[in-house]
Amino acid sequence: MADPIINLQDINVTFKQGKKVVRAVQDVSLAIQPGDIYGIVGYSGAGKSTLVRTINLLQKPTDGTVTVAGDTFFSDHRQQISNKELQSKRRKIGMIFQHFNLLNETSVIENVLFALKHSDLDDDAQEKKVLELLDLVGLKDKAEFYPVQLSGGEQQRVSIARALANDPQILISDEATSALDPQNTNQILDLLKRLNQKIGLTVVLITHEMDAVKRVANKIAVMEHGKIIEKGALQDVFLRPKEELTRQFVGGSLAAIDTLKAFNLDHLNDNEELFQLVYNGNNVTQSIIVELYKRLNVEASILYGNVEVLSDQPVGTLFIVVKGDKGQRDQAVDFLKQSNVTVTKIDDRRIWNE
Amino acid sequence: MSNFLPNVIQLGWGGDNGWGTSIIQTIYMTFWPAIFGGILGLLFGVALVVTEPGGILENRFWFNVCDKIVSIFRAIPFIILLAFIAPFTQLLVGTQIGTTAALVPLTIGVFGFYARQVQVALESVDHGKIEAAEAIGATNWDIIKDVYLREARSELTRVSTVTLISLVGLTAMAGAIGAGGLGNTAISYGYNRFNNDVTLVATLLVLLFVLIIQVVGDFIAKKLDHQTR
């Protein structure tokens, strides 16, 4: 595995509010690989924004080590690079915000030019670059507009152009789609995804909307009370959430649990077993259940079914009860595994009884 | 005309007590303190905002120093300030009386007021904009110039207008140290001599002066504002 482009180790952020001490981030370690779109989800107040602000030291950690692209920004309780160096490193870490934070008294083109203030390019090259960026975000014809004349989605696209002005390797998105309507949200997310694929931009996506993460992320971390309670590849966390909060966020699985609760599963017969089947895009169209019956003469009844799209991949989840003798049931499981279906036997009632 | 406003006509246009002289004196006493007090006030206003807790150059010591200086000069009634700083005025401009001597207390009197106004105007700039500028690697000077001052320019124009109008008010009191001006005309040649016509005309002229400042200030502020549709 390549070296992480962002490496946060044992990060703690503590605020003093009068006599009260608030531990906004507690012992968080997070390694983000180049090219990741890393979703960080959690309710507001979970410490997501505080955590990602330690990446570019907008928030200095109380404790911990921050390493970005091989440079140690912070360790041993202090900043390891000069302010001037930090300023130039920050230009390689783009950031976009929930409320866009554009300069309202300057036009769109000047907003993006502001980010190039300390670049080596001459004036003509700067302007050319800004126009290219505005073209990329689809706003070339609005270069002379003032931010207030643009819609929320357009303003966010200007701020993306601004964040990309210095060719950053990393883009931090702090609830960037939370103030936008669904259509604009998807446009912005798709733009981030396109940038990720086209130029290998590493994206850190903070959000409380699971749909945003499902749409674009490949990895996910779930935060609660300043701690990361669960993290990993999107599909793993999504399909097999371990923590209650994660289940709430992933929603789909929560619906499954609710559905299963509604059945009274305490009296499965001796020849019945409950399985969770998870299958990906390649075999999502196959009628597995019909095949089971045809080939093995095994009856399977569907208790719950759902198909989700996780970073462009359709992923299906089925909860089925398989009926048959032990040999038939084992054969059925083998067949399913051969068809690249992840099979999990659910005999732990805890999942819906708690 | 001489029947309605006999004493007004009698004062004449030129000369030591003439209307023209008073108008020039009022403009003179408004202009220079506006420049000097304006610069000082802007410096202190910016210093207060950048050094305050959570500011880009947070510094408790310098914040307290600036804050106390501004508070002290804001707290002293202007008429007392005139007398209180007379020795300093003598040191600076070589005299304690007259129009030029009035520039020193007027500058000091207006600076504290303006510094607070600037502070409030700059604090109206959303902290998110500052953070966004820091995130793209802007220097502190960039943030002061291109974010604080530029984003607040319309608000700064508005508070400057208010300050200028209050400065016109202060010039009326400068008559107490023989500085002349329309305020002095209204009191010394109008009120004290029971020449109500002089008081009336001097008051109307001050009102006109204030009105012009207000209209021009509002116009510029509106012109500079791109934040509201």
Side-chain angles (χ1 to χ4, degrees), chain A residues 15-16 49 52-53 55-59 83-108 110-119 144-150 158-159 161-166 168 170-176 179, chain B residues 42 46 49-60 62 118 120-160 217-229:
Chain A
F15 297 116
K16 284 201 184 78
S49 291
V52 298
R53 273 166 171 69
I55 296 171
N56 56 4
L57 295 191
L58 282 181
Q59 173 67 54
N83 282 333
K84 209 176 150 70
E85 282 173 307
L86 177 61
Q87 278 159 9
S88 90
K89 300 284 181 200
R90 276 176 176 168
R91 289 173 202 136
K92 295 291 174 195
I93 308 172
M95 188 159 181
I96 56 176
F97 304 84
Q98 180 171 8
H99 299 295
F100 327 130
N101 295 343
L102 296 174
L103 301 179
N104 290 325
E105 295 294 355
T106 56
S107 62
V108 165
E110 286 172 291
N111 261 287
V112 186
L113 274 171
F114 179 54
L116 286 173
K117 203 160 175 164
H118 300 276
S119 98
E144 300 299 329
F145 281 50
Y146 281 88
V148 76
Q149 296 170 299
L150 304 179
V158 176
S159 89
R162 176 175 69 178
L164 296 176
N166 291 298
I170 300 164
L171 183 75
I172 300 170
S173 162
D174 183 6
E175 297 277 7
Chain B
L42 201 60
V46 169
V49 170
V50 297
T51 60
E52 75 187 1
I56 54 171
L57 292 168
E58 181 174 346
N59 186 313
R60 189 181 286 269
W62 285 112
V118 169
V120 172
L122 297 185
E123 272 166 359
S124 74
V125 175
D126 180 10
H127 185 73
K129 291 176 185 173
I130 313 297
E131 199 174 41
E134 287 183 311
I136 54 173
T139 61
N140 291 326
W141 174 241
D142 292 337
I143 293 172
I144 291 170
K145 186 167 76 68
D146 294 328
V147 184
Y148 273 125
L149 294 180
R150 176 131 195 187
E151 284 297 295
R153 60 187 188 173
S154 179
E155 200 51 37
L156 283 172
T157 310
R158 268 184 265 276
V159 301
S160 301
D218 286 350
F219 177 77
I220 297 171
K222 206 172 168 186
K223 202 87 180 156
L224 290 177
D225 183 7
H226 293 101
Q227 318 222 12
T228 41
R229 259 176 229 254

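In the text below, chain A, chain B and the rest are named by the order of the sequence lines, each starting its count at 1. Values below: every heavy atom of this structure, side chains too, minus hydrogens, waters and symmetry copies.
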**Request:** Only one of A:Leu58, A:Asn56, A:Leu57 passes side-chain contact (heavy atoms from CB on, under 4.5 Å) with B:Glu134; say which it is.
**Result:** A:Leu58
Close side-chain approach of [X] and [Y], heavy atoms under 4.5 Å:
X	Y	answer
B:Ile136	A:Arg162	yes
A:Asn104	B:His226	no
B:Lys129	A:Leu102	no
A:His118	B:Asp142	yes

**Asked** Does any heavy atom of chain A fall under 4.5 Å from the side chain of B:Ile130, the backbone, both, or neither of them?
**Response**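 Contact with chain A involves no heavy atom of B:Ile130 at all.
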**Message:** Under 4.5 Å from any heavy atom of chain A, what part of B:Asp146 do you find: side chain, backbone, both or neither?
**Reply:** both
**Item:** A:Gln98 versus chain B, the contacting section by heavy-atom distance below 4.5 Å
**Value:** neither
**Request:** Tell me, yes or no, whether the heavy-atom count around B:Phe219 atom CZ, taken from other residues, nucleotides or ligands under 6.0 Å, exceeds 12.
**Result:** no
**Message:** Under a 4.5 Å cutoff for heavy-atom pairs, which residue among A:Glu105, A:Gln87, A:Lys117 has the most contacts with chain B?
**Reply:**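 If we count pairs closer than 4.5 Å to chain B, A:Glu105 comes out on top.
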**Request:** Take B:Arg150 and A:Glu110 through the side-chain contact (heavy atoms from CB on, under 4.5 Å) test and state the conclusion after the steps.
**Result:** CA-CA 12 Å; B:Arg150 176 131 195 187; A:Glu110 286 172 291; 3.9 Å; yes
**Asked** Are the side chain of A:Arg90 and the backbone N or O of B:Ala135 linked by a donor-acceptor pair below 3.5 Å?
**Response** no
**Request:** Indicate the atoms forming the closest heavy-atom contact of B:Gly128 with A:Asn101, along with that distance.
**Result:** O-ND2, 3.0 Å
**Request:** Mind checking the CG-CZ spacing from B:Asp126 to A:Phe97? Nearest 0.5 Å is all I need.
**Result:**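 Answer rounded to 0.5 Å: 10.5 Å.
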